[in-house]
Amino acid sequence: MNLPPTLARIVCICLLTHATVFRCNAQTVPTQLLPEQTTRILDQHCAGCHNSEVKEGNLDLASLSKKPLTQDSLATWIKLHDRVASGEMPPAEEPRLKEDALNKLLASTSEQIVAFEQVKLAQSGRAVKRRLNRYEFENAIRDLLGLPYLRVKDGLPEDQIANGYNKTGEALDVSHVQLSRYLRVSENALRAAIVTQTEKPEPFRHRYYAWDQLKFTRGNGPPIRKTYPIQGNEIRADLNVRPLGKPGKFIRPLPGKFSDPARRDEEAVVTVMSTYEHVEIQFDQFRAPVSGRYRLKFAGYTVWMATDFSE
């Protein structure tokens, strides 16, 4: 897939590079044997006392040196390395190792020990590094672009959960679908951040009345599910009737066309609320002409409804 190097993709890749480490397949523990030269040094200077027959200190280096390093033999090899490095072995009464042979023995055993421990650590001894989850990615984009109100997480796939959390590396893998979504939301974020005109728009005020909002004036269902147009404290029952011949999911006409200009500010819509019913306020007549920050004010108050919803 050939993608042009747009600014959005550069931003997204930078964020992913900073925050993400792709998980690789678990490495196998190294199984190679010690170099033949190292084995020869052990045979010449150590195996005379540490073999299957004498086994000085309960150590059989003659056999051990011909086997790959394992978890069971790791402590033995560490002890061997440290004692040779400190000059404790070979003992004082035995011939000393030449400097070249000593350095080769220490280097090869150290290399085997370090390689073994690194693989074991990568497999089980450290938490898996992870990418940003979608909440963190949204916060990073907001900080980067200076848009505290920007919402991008809803455009990203849900993060998986491991052990009850969506921040653990085991759950936060990366697929081509996720990467595609990251690129898309980054493009959208940049469009929101880039100014599309050189002059600041003129501020404006506009009033939206409840009687003009389609989703405020639904007329379906039983009385406890309806909304009720009112003027002042008077219920306009005449505007709350579903016309004949309009069964099913018909939504009555907006009552705003029956509005009295002299009483326009008294018009409201009552929504019946209970412990069951959830209320979602939607002024569906509002449309933002340009991207920006808007100050919205809502006016509302509470009333008690009669049990028959008549007053």
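What you are looking at is a predicted structure, and each value in this text was computed from that prediction instead of being measured. All values below were derived from every heavy atom in this structure, side-chain atoms included, with hydrogens, water molecules and symmetry-related copies excluded.
- Between D212 and R264 there is a salt bridge, since at least one side-chain N of the basic residue sits less than 4.0 Å from a carboxylate O of the acidic one.
- The shortest non-hydrogen separation linking A140 to L132 is CB-CD1, 4.2 Å.
- With hydrogens and angles disregarded, no donor-acceptor distance shorter than 3.5 Å links the side chain of S180 to the backbone of H176.
- Linking Ile, Leu, Val, Met, Phe, Trp and Tyr residues whenever their side-chain heavy atoms come within less than 4.5 Å places F204 and F298 in a single cluster.
- Rounded to the nearest 0.5 angstrom, I141 CD1 and R151 CZ are separated by 15.5 Å.
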Which donor-acceptor pairs under 3.5 Å do the side chains of residues 300-311 make with protein atoms, sequence neighbours left out?
from: D308; atom 1: OD1; to: S310; atom 2: N; distance (Å): 3.2
from: D308; atom 1: OD1; to: S310; atom 2: OG; distance (Å): 2.6
from: D308; atom 1: OD2; to: S310; atom 2: OG; distance (Å): 3.1

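- The one candidate from R134, R131, K167 that meets the side chain to side chain donor-acceptor pair (under 3.5 Å) condition with D159 is R131.
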Exercise for the section: Apply side chain to side chain contact (heavy atoms under 4.5 Å, CB included) to the pair Y135 and N166, showing each step before the final yes or no. Expected result: CA-CA 10 Å; Y135 293 90; N166 65 354; 4.1 Å; yes
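- Residue I78 is grouped with residue L102 when hydrophobic side chains (ILVMFWY) are merged at heavy-atom distances under 4.5 angstrom, including chains of intermediate members.
- Within the 4.5 Å cutoff, side-chain heavy atoms of F116 are placed close to those of Q71.
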Handout entry: Derivation of the side chain to side chain contact (heavy atoms under 4.5 Å, CB included) call for R207 and K297
Key = CA-CA 10 Å; R207 305 191 86 180; K297 292 185 177 182; over 6 Å; no
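- Looking at heavy atoms from C-beta onward, K153 lies out of side-chain contact with E136 at the 4.5 angstrom threshold.
- Under a hydrophobic clustering in which Ile, Leu, Val, Met, Phe, Trp and Tyr are joined whenever their side-chain heavy atoms come within less than 4.5 Å, directly or via other members, L150 and L156 fall into the same cluster.
- Summarising the local packing, OH of Y208 is surrounded by more than 12 heavy atoms from other residues, nucleotides or ligands at distances under 6.0 Å.
- In terms of heavy atoms, H81 sits closest to T109 at CD2-OG1, 3.4 Å.
- Within 6.0 Å of NZ in K66 there are more than 12 heavy atoms belonging to other residues, nucleotides or ligands.
- Take E266 and apply the salt bridge (charged side-chain N to carboxylate O under 4.0 Å, His left out) test, not counting sequence neighbours, and it matches R263.
- With values rounded to the nearest 0.5 angstrom, W77 atom CH2 is found 8.5 Å from I113 atom CD1.
- W211 and P229 get closest at one heavy-atom pair: NE1-CB, 3.7 Å.
- In this structure, L172 CG and I161 CD1 are separated by 10.5 Å, a value rounded to the nearest 0.5 Å.
- Judged as a salt bridge (charged side-chain N to carboxylate O under 4.0 Å, His left out), and not counting sequence neighbours, R287 has no contacts.
- The shortest heavy-atom contact between L106 and V84 is CD2-CG1, 3.8 Å.
- Taking D82 as the reference, nothing meets the salt bridge (charged side-chain N to carboxylate O under 4.0 Å, His left out) condition, with sequence neighbours excluded.
- F258 places none of its side-chain heavy atoms less than 4.5 Å from the side chain of D238.
- Rounded to the nearest 0.5 angstrom, H206 NE2 and Q285 CD are separated by 8.5 Å.
- Hydrophobic cluster membership is shared by Y149 and V152, with clusters built from Ile, Leu, Val, Met, Phe, Trp and Tyr side chains linked at under 4.5 angstrom.
- By the side chain to side chain donor-acceptor pair (under 3.5 Å) test, S73 pairs with T70, sequence neighbours left out.
- Side-chain contact between F286 and Y294 is present, with at least one heavy-atom pair separated by less than 4.5 Å.
- Residues satisfying the side chain to side chain donor-acceptor pair (under 3.5 Å) test with D100, not counting sequence neighbours, are K104.
- Atom CZ in F137 sits 11.5 Å away from atom CD in Q178 (nearest 0.5 Å).
- Atom CG of L80 is separated from atom CG of L105 by 6.5 Å, given to the nearest 0.5 angstrom.
- Atom CD of E234 has more than 12 heavy atoms from other residues, nucleotides or ligands within 6.0 Å.
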